[in-house]
Amino acid sequence: HKNKLNSKVFIGTSLLILVFIFFSLPVEAVSKSARLYFLPISGDYEVGQNFSVRVSVDSGGEAINAVEDVLSFSKDTLQVTSISKESTVIDLWDKDPVYNNFLGVISFGGGISSPGFNGLGRLFRVYFKPIGVGSAWISYSSSAKVDRKSTRLNSSHTDISRMPSS
C-alpha cells in the first residue's frame with residue numbers, strides 16, 4: 001500500500017513539475033512577414049475614368065522603420081496622374097514617390113521615427129487614368145525592402161483594373 005501511495009505522489013509531483021516547466025518557458029509570438037498591399041485590390045474602370053489606389057504596408061506584427069521599393073504598373077493601359085502622401089505613416093521621405101509613365105514605374109523610399117510603425121498603414125495614394133482597353137495591374141518588386149533586420153517583403157502582383165472593351 002505504501003509503494004502505491006509513493007508512486008502516486010511521484011507521478012503527481014512529476015506532472016506538476018512538467019506543467020510548471022511548460023508554463024514557465026518563454027512564449028515567442030509568431031510574426032508574419034511584412035508586406036505591401038494595394039487597396040482596392042480590383043475594380044472595373046472605363047478609359048478616361050480616373051481612380052486611385054492606396055499603397056499600404058502591413059508590418060507583420062513587428063515595428064518597421066523604413067520601406068523602399070520600385071512599383072511597376074501596366075504602362076499600356078494605365079497612366080499615373082498624381083501621387084498623394086497625405087495620411088502616410090512615413091515621416092521622413094528619403095526618396096519622395098515619383099513616377100515614370102513611359103517605363104511604368106513608381107519609386108519611393110522613406111523612414112519612420114522611433115519606435116517605428118506596427119500595424120496596417122498607408123504609404124501613399126496613386127491616382128491613375130486608364131488609357132487603354134484591357135487588363136491592368138500594379139505590383140511591387142521581389143527586392144522590396146523594409147528596415148527590420150533586412151527583411152524582404154513578399155512579392156505581389158495585383159490585378160487592379162479591367163477596362164471594358166465597349
Contacts of Asn50 that satisfy side chain to side chain donor-acceptor pair (under 3.5 Å) - sequence neighbours left out: none
Asp91 side chain to Ser113 main-chain N or O, any donor-acceptor pair under 3.5 Å? yes
So, do Ile106 and Val98 sit near enough that their side-chain heavy atoms are less than 4.5 Å apart? no
Assigning hydrophobic clusters by single linkage (Ile, Leu, Val, Met, Phe, Trp, Tyr; side-chain heavy-atom cutoff under 4.5 Å), is Tyr127 placed with Val55? no
Could you pull out all residues at least two apart from Arg125 that satisfy side chain to side chain donor-acceptor pair (under 3.5 Å)? Ser52
For a quick test of reading the model, state the closest non-hydrogen atom pair linking Lys75 to Ile131 and the distance between them. O-CD1, 3.6 Å
Do Val126 and Phe38 make a side-chain contact, defined as non-hydrogen atoms from C-beta onward lying under 4.5 Å apart? no
Check: Lys85 and Pro97 side chains under 4.5 Å, non-hydrogen atoms: yes
Close side-chain approach of Tyr140 and Arg35, heavy atoms under 4.5 Å: yes
Heavy-atom closest contact (Asn118 atom, Gly61 atom, distance): OD1-C, 3.4 Å
Quick check: is Val57 connected to Trp93 through a chain of hydrophobic side chains (ILVMFWY, heavy atoms under 4.5 Å apart)? yes
Give a yes or no on whether the backbone of Thr77 and the side-chain of Ser74 come within a donor-acceptor separation of less than 3.5 Å. no
Is the centre of the Phe128 ring less than 6.0 Å from the centre of the Phe73 ring? yes
Taking every non-hydrogen atom, the tightest pair across Leu78 and Pro130: CD2-CA, 4.2 Å
